[in-house]
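Just follow the structure's listing: the first ligand is 1, and inside any ligand the first atom is 1. Sequence positions, counted from 1, serve as the residue numbers for this chain.
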Amino acid sequence: MSPADPPGPQAAPPEPPGTSAETALRQCLQNAPDGIVLLDRDARVVFGNGKACELLGIGASAAPLALPELLTPEERERWLQYPPAPLLLAAQARPGRPGDLWLCAGEGCLRGMAVLRPADARMYEQAHIHLLSQALDSSDNAIFLCDDQSRIRYVNAGFVRMLGYAPEEALGKQPRELIRGPHTDVATLDRLGEQHRAGRAHREHLLGYCKDGSPLWLSVVATPLADASGSLVNVFTDITEAKTHEVLNGKVLDALVREEPLATTMALMCQEVERVAPDLRVVVTRGEADGQLCTLAAPAPLMAAGASGWEHPACMQALRRGRAVVIEDIASAPLFDSQRDALLALGLRACWSNPIRSTAGQVLGTLAFHCHRPGPPTAWHRRLADLCLHLCALALEREQARSRMHRLAFYDVLTGLPNRLMFNALSEQPLIQAEQQGTPMALLFVTLDRFKRINESQGHAAADGLLRDLARRLHDIVGPESVVARQVADEFTVLVPCCAQHQAAALCEQLLAMIATPTVVGSMTLHASASIGVAMFPEDGRAMETLLRHADLAMRRAKDEGGGRFRFFSADMNQLAQERLLLEATLRDSLRQGGLRLHYQPQVRGDGRGLYGVEALLRWRHPHLGDIPPNRFVPLAEECGLMAELSHWVMEEACRQHADWRRRGLAIPRVAVNLSASAFELPSLVEQVRQLLERHGLSPGSLVLEITESVMLSAQPQVSANLHALHALGVRLSLDDFGTGYSSLSHLHRLPISEMKLDRSFISEIGHDPAASALILSVLRIGESLGKHVVAEGVETDAQRRFLIDNGSPALQGYLFSPALSPGALEQWLGERAYAPSPRH
Ligand code: C2E
Ligand code: CA
Ligand code: CA
């Protein structure tokens with residue numbers, strides 16, 4: 001036989017020469033019940049006995065058959081490897097194959113021998129059972145078979161792994177004998193048994209125990225076998241993890257989403273933990289600012305045993321150290337000396353407390369598990385704790401955020417006092433009580449006088465300091481049952497329960513005196529005063545809204561009267577307030593529909609050489625109320641935001657009138673216009689004035705703007721910029737009501753004003769008060785030396801005129817000469833005095 005010419009399988013090899021033993025052997029081989037083939041190096045069949053030829057379906061004439069064709073690719077691979085190893089190629093039946101092949105390595109030209117055995121049903125079955133048991137064993141579930149007596153007949157490897165019992169420990173036992181533990185629900189067990197005996201399919205969830213006593217949640221599914229033997233296939237699945245997540249995460253997260261109170265959510269969590277792990281008792285605490293612990297949830301017996309909150313030794317330690325504290329046996333732990341007996345009496349042996357940490361790592365509180373068994377926490381308990389810690393942190397952080405929001409929403413950031421919303425909420429209870437008990441109450445409305453000025457002239461920091469100081473003083477002086485709040489800006493309210501009118505008056509006196517003591521803010525000493533309005537419950541109102549409105553009105557009255565005082569509300573204030581509202585609306589209409597007029601009051605020269613100028617003064621004739629003095633409606637315009645519009649109208653109208661007079665040959669040197677403080681805050685003011693003058697062809701020097709001292713002293717950069725820009729434009733600035741305010745003479749020096757108007761109150765004292773006369777004289781001298789004109793206002797008598805003229809007053813204005821006149825009347829007045837050429841009509 002040459003390798004290049006492989007022979008076919010020899011169905012009936014020629015009788016080789018040899019011994020009779022060899023012949024017998026050959027015969028045996030030839031007639032063996034198994035098919036036997038010999039293979040060459042290339043795994044080609046070089047010999048096959050009778051059975052093999054039959055099995056392979058080959059005859060003597062057939063082409064040489066390569067064994068690899070009988071093999072799967074993997075088997076072929078293994079066979080062709082060198083050196084060849086003996087192979088049991090087919091331990092199981094392979095459909096479509098002749099049967100098992102045992103291949104043995106051989107030497108020389110023979111590479112191996114194969115034994116072929118025809119596949120039979122038994123082999124298939126055996127192989128099937130083998131596969132099945134492999135599959136069952138590889139499952140993570142505990143699968144076992146029970147007979148009709150509920151006795152275990154078979155367990156898979158998963159059963160051994162899950163529950164820890166060897167097959168021989170389980171066989172013959174009832175499942176309940178194995179899995180029942182201290183907290184297993186007996187009713188469920190009984191139900192399972194019943195279903196078992198009835199041979200019915202059923203499923204349950206159950207807390208069971210492993211051989212080592214560790215608990216686990218099982219899903220039990222039992223299915224009867226189809227053979228009517230009453231046997232059941234049981235599958236246990238470990239659902240501990242899923243169960244834990246389902247009840248804890250599901251329910252607790254749901255409570256969080258529903259914004260349940262913190263304590264409710266934590267109690268729910270503890271209850272759920274104790275439901276899935278009945279051997280545990282849970283305590284949750286929150287760390288307080290003072291380093292103590294506040295109990296959020298704890299079983300009542302533990303609270304009674306002094307094992308909750310700051311009394312809990314393990315929790316206190318966990319909080320302070322910021323890491324877990326594990327007490328494996330309370331019976332021997334010195335830490336629990338004080339609570340030991342009580343805890344042991346409750347059957348609790350071990351304790352494990354963990355710090356609850358925020359996402360930022362801050363310790364927010366503690367979570368403690370108490371266990372009925374001594375020892376360290378099991379892996380499951382650890383996972384349970386991790387989950388709970390996560391939920392606790394979530395709940396506590398939300399609570400923190402909520403209380404921060406609460407503070408922002410209900411408390412004033414600057415003073416820490418309740419804000420308007422909180423004040424309303426806090427005053428509800430005292431109102432109800434006063435109503436029920438018939439006790440009087442006082443509501444005080446407190447504001448600082450000239451706060452805006454302080455803010456502008458001393459800066460925001462000083463003003464804030466003043467407000468904080470006032471808040472502190474208010475808080476200190478009223479009793480703890482009173483409610484103090486900051487409404488807005490410098491407005492504070494104080495609700496004083498059980499307070500009669502005379503007591504309220506005494507309290508106001510006390511407050512005013514206290515506010516009058518200087519406040520030191522940084523390096524500044526501020527002198528403040530306040531105005532207080534008081535409304536009494538129930539006379540001045542029963543609802544907080546009414547009381548607030550009335551106290552506010554009374555406060556305004558106190559302010560109008562000069563501040564630094566308190567006023568009780570009276571009914572006439574209410575009427576005034578209503579009138580005010582009505583006026584406001586009509587004023588708006590009048591301004592827009594041409595219902596306002598300007599009258600002009602002449603100012604005469606002190607040297608008797610004609611007209612110095614005129615002052616434009618607003619006049620308003622109300623459709624029903626008649627003439628309303630500017631002192632009443634100008635502040636109203638300020639309050640209702642009409643001032644910019646009003647100022648613009650006055651300037652426009654004054655310039656128009658002036659230009660008209662000029663056009664008609666009426667030489668009026670200058671027209672003075674009153675501008676309120678708020679008009680000077682407009683960035684557009686200078687441009688507005690420039691355009692106005694240009695449009696009417698007036699020189700800037702013919703316009704005088706009268707300003708008050710508060711404008712002059714304003715610290716606002718815009719105001720000061722406007723003043724300087726107007727001055728640079730050539731417009732004259734006049735300081736009105738000079739002498740009544742705070743401006744010191746030194747201010748005059750550096751301010752861009754051209755003129756001072758000596759206030760009427762000094763002029764009226766001429767001849768009565770020598771001090772007033774002396775002051776007038778010194779003002780006139782200063783004006784002279786600074787090169788500023790002094791206009792004397794409110795000259796009513798000849799004696800006043802004489803005094804002023806004798807002392808060199810440059811200009812005089814007052815009823816002695818003329819009140820403010822309509823343009824026509826002024827023209828007539830001028831014509832009569834020949835102060836100016838008659839107008840050309
Ligand atoms: P004021 O600027 O001090 O104006 C002088 C006020 O004194 C005017 O009152 C005038 O009629 C009055 N008066 C003039 N001479 C005498 C006198 O000899 N004796 C007395 N007892 N009073 C005299 P009026 O017109 O009622 O204006 C009151 C205040 O209203 C003005 O005080 C001014 O502050 C304000 N006001 C008037 N018109 C305007 C305006 O157009 N704009 C602004 N912002 N305020 C204005
Ligand atoms: Ca004036
Ligand atoms: Ca004045």
Of the listed options [options], closest to [atom] (non-hydrogen atoms):
| atom | options | answer |
| --- | --- | --- |
| atom 31 (C) of ligand 1 | Leu596, Thr708, Leu617, Ile707 | Leu617 |
| atom 33 (C) of ligand 1 | Asn674, Val650, Val634 | Asn674 |
| atom 6 (C) of ligand 1 | Glu796, Met651, Gln800, Arg760 | Arg760 |

Counting only protein atoms, how many N/O/S atoms are less than 3.0 Å away from the Ca ion (ligand 2)?
-> 4
Is the shortest distance from atom 24 (P) of ligand 1 to a protein heavy atom below 4.0 Å?
-> yes
Considering only the protein, which heavy-atom contact is closest to [atom], and what is its distance?
| atom | value |
| --- | --- |
| atom 5 (C) of ligand 1 | Glu793 OE2, 4.0 Å |
| atom 29 (C) of ligand 1 | Asn631 OD1, 3.1 Å |
| atom 15 (N) of ligand 1 | Gln601 NE2, 2.9 Å |
| atom 18 (O) of ligand 1 | Tyr815 N, 2.8 Å |
| atom 27 (O) of ligand 1 | Pro630 CG, 3.3 Å |

Judged by atom type as modelled, is there a donor-acceptor pair below 3.5 Å linking the side chain of [X] to the main-chain atoms of [Y]?
| X | Y | result |
| --- | --- | --- |
| Asn722 | Phe680 | yes |
| Thr586 | Leu582 | yes |
| Arg557 | Leu553 | no |
| Arg662 | Ile668 | yes |
| Arg597 | Gly594 | yes |

Using heavy atoms and a 4.0 Å limit, tell me yes or no: is [X] in contact with ligand 1?
| X | answer |
| --- | --- |
| Arg619 | yes |
| Ser676 | yes |
| Glu615 | yes |

Atoms of ligand 1 close to [X] [distance to a heavy atom under 4.0 angstrom, numbered from 1]:
| X | value |
| --- | --- |
| Gly814 | 15 (N), 18 (O) |
| Asp737 | 3 (O) |
| Val795 | 18 (O) |
| Gly794 | 16 (C), 17 (C), 18 (O) |

Atom pairs and distances, side-chain donor-acceptor, residues 764-771, under 3.5 Å, sequence neighbours left out:
{"unit_1": "Ser764", "atom_1": "OG", "unit_2": "Arg760", "atom_2": "O", "d": "3.4"}
{"unit_1": "Ser764", "atom_1": "OG", "unit_2": "Ser761", "atom_2": "O", "d": "3.1"}
{"unit_1": "Asp769", "atom_1": "OD1", "unit_2": "Ala771", "atom_2": "N", "d": "2.9"}

Which of these passes side-chain contact (heavy atoms from CB on, under 4.5 Å) with Asp736: Asn674, Ile707, Val711?
-> Asn674
Answer yes when [X] and [Y] have at least one side-chain N-carboxylate O distance shorter than 4.0 Å, and no when they do not.
| X | Y | answer |
| --- | --- | --- |
| Arg664 | Asp660 | yes |
| Asp560 | Arg556 | no |
| Asp627 | Arg619 | no |

Contact partition for Val673 relative to ligand 1, non-hydrogen atoms under 4.0 Å = neither
Within reach of ligand 1, part of Lys757 (heavy-atom separation under 4.0 Å) = neither
Worked check of side-chain hydrogen bond (donor to acceptor under 3.5 Å, both in side chains) between Ser754 and Lys788 | CA-CA 5 Å; Ser754 316; Lys788 299 184 198 293; over 6 Å; no
Distance-only side-chain donor-acceptor flag, Glu615 / Gln603, under 3.5 Å = no
Does a donor on one side chain sit under 3.5 Å from an acceptor on the other, for Asp449 and Ser531?
-> yes
If we only count N/O pairs under 3.5 Å, is Leu618 in contact with ligand 1?
-> yes
Heavy atoms, side chains only, cut-off 4.5 Å: are Leu548 and Leu443 in contact?
-> yes
With ring centroids as reference points, do Phe445 and His550 lie under 6.0 angstrom apart?
-> no
